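Computation of the quantities below employed the complete heavy-atom set of this structure, encompassing side-chain atoms and omitting hydrogens, waters and symmetry-equivalent molecules. For clarity, every value in this text was computed on a predicted model and none was experimentally measured. Note that ligands are numbered from 1 as they come in the structure, with each ligand's atoms numbered from 1 the same way.
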Amino acid sequence: MMKMLYAGSFDPITNGHLDLIERASRLCDQLVVGVIENKSKVATFTPAERMEMIRNVTSHLHNITVDCFDGLLAHYVKNNNIQAVVRGLRASADFEYEIQMAQMNARLYNKDVETIFLMTSPDYSFISSSMMKEVFSLNGEIKGLVPDEVLRCMEQKRLNKTGGIK
Ligand code: PNS
């Protein structure tokens, strides 16, 4: 059984992430979408909120598991019998960071694990979670760039905060 991991902050999940999840899910038997709980980073959504959004927007896919972890990705990979890690590449600017991570991870986990890169769809190659939050916080239109469900959660978060969404 081919089990793959797509890990990230997903704060929140965008349509770029979703496109990648849909495509990666066709390449394996099981795709684990792993929300990284990075305690040193201030996140807008809690890990539980991020996981719920991911579950809701991937409910049409039948081989997705959503999980959350902290610590090293390489340890999660080893402990969960993951055979490949998938990452999206948007532009050449991503490459430097991604190759460093892939090579460091290759040292940390056994040689049977591969990092697989999928090119982001040109429709979404310019977006990131942080850009979506910035544009949204300044009242810009992001419909079509994040799932509608995520947009509703961002609106709800804004309502619950006095200073706007971070
Ligand atoms: O969506 P992101 O934030 O670009 O994803 C980066 C992420 C979370 C996959 C990366 O930072 C990561 O793997 N973090 C877990 C900690 C870890 O393993 N660090 C060493 C990477 S070589």
Side-chain angles (χ1 to χ4, degrees), residues 3-25 27-28 30-58 61 64-121 123-137 142 145-147 149-151 153-154 157 165-166:
K3 196 171 166 187
M4 259 168 39
L5 171 69
Y6 179 38
S9 309
F10 303 112
D11 186 38
I13 184 169
T14 67
N15 278 346
H17 293 130
L18 185 56
D19 172 63
L20 209 107
I21 290 171
E22 286 168 348
R23 288 160 55 205
S25 73
L27 302 177
C28 59
Q30 193 192 354
L31 179 69
V32 180
V33 181
V35 172
I36 307 266
E37 190 182 355
N38 186 345
K39 292 188 175 122
S40 63
K41 241 181 167 178
V42 181
T44 299
F45 292 96
T46 64
E49 288 170 333
R50 287 181 260 161
M51 287 171 74
E52 192 185 346
M53 283 186 275
I54 296 169
R55 282 201 186 97
N56 288 340
V57 303
T58 58
L61 301 170
I64 306 287
T65 311
V66 184
D67 199 2
C68 177
F69 63 96
D70 57 9
L72 279 181
L73 178 139
H75 289 164
Y76 183 87
V77 161
K78 269 190 193 168
N79 295 337
N80 291 277
N81 301 315
I82 305 284
Q83 281 127 299
V85 172
V86 66
R87 296 285 296 165
L89 273 186
R90 285 170 300 192
S92 58
D94 280 346
F95 183 77
E96 298 280 331
Y97 170 61
E98 293 295 337
I99 193 168
Q100 262 188 313
M101 271 207 307
Q103 291 174 342
M104 186 67 225
N105 279 332
R107 267 186 80 100
L108 293 168
Y109 42 57
N110 67 57
K111 296 273 183 287
D112 298 332
V113 181
E114 282 294 341
T115 301
I116 296 173
F117 292 99
L118 296 183
M119 297 301 160
T120 303
S121 152
D123 296 340
Y124 307 120
S125 62
F126 58 96
I127 68 173
S128 63
S129 299
S130 49
M131 186 192 276
M132 294 303 94
K133 289 187 287 190
E134 182 179 344
V135 173
F136 179 78
S137 72
I142 58 166
L145 300 178
V146 298
E149 160 80 10
V150 170
L151 193 50
C153 293
M154 291 172 85
K157 186 83 50 182
I165 198 160
K166 267 192 288 189

**Request:** Would you please classify the geometry between the His17 ring and the Phe10 ring as parallel, tilted or perpendicular, with 30° and 60° separating the classes?
**Result:** perpendicular
**Request:** Check for a donor-acceptor pair, side chain of Asp11 on one end and backbone N or O of Phe45 on the other, with a separation under 3.5 Å.
**Result:** yes
**Message:** When you measure from the side chain of Thr58 to the backbone of Leu61, do you find a donor-acceptor pair of N or O atoms at a distance under 3.5 Å?
**Reply:** no
**Asked** Rounded to the nearest 0.5 Å, how far does CG of Leu145 lie from CE of Met132?
**Response** 5.0 Å
Close N/O pairs between ligand 1 and protein, under 3.5 Å:
unit_1   : atom_1 : unit_2 : atom_2 : d
ligand 1 : 1 (O)  : Ser9   : N      : 3.2
ligand 1 : 3 (O)  : Ser9   : OG     : 2.6
ligand 1 : 4 (O)  : Arg87  : NH2    : 3.4
ligand 1 : 5 (O)  : Arg87  : NH1    : 3.4
ligand 1 : 18 (O) : Leu73  : N      : 2.9

**Item:** Residue pair Asn105 / Val85, side-chain heavy-atom distance below 4.5 Å
**Value:** no
**Message:** How close do Glu49 and Thr44 get, counting heavy atoms only, and between which atoms?
**Reply:** OE1-O, 4.3 Å
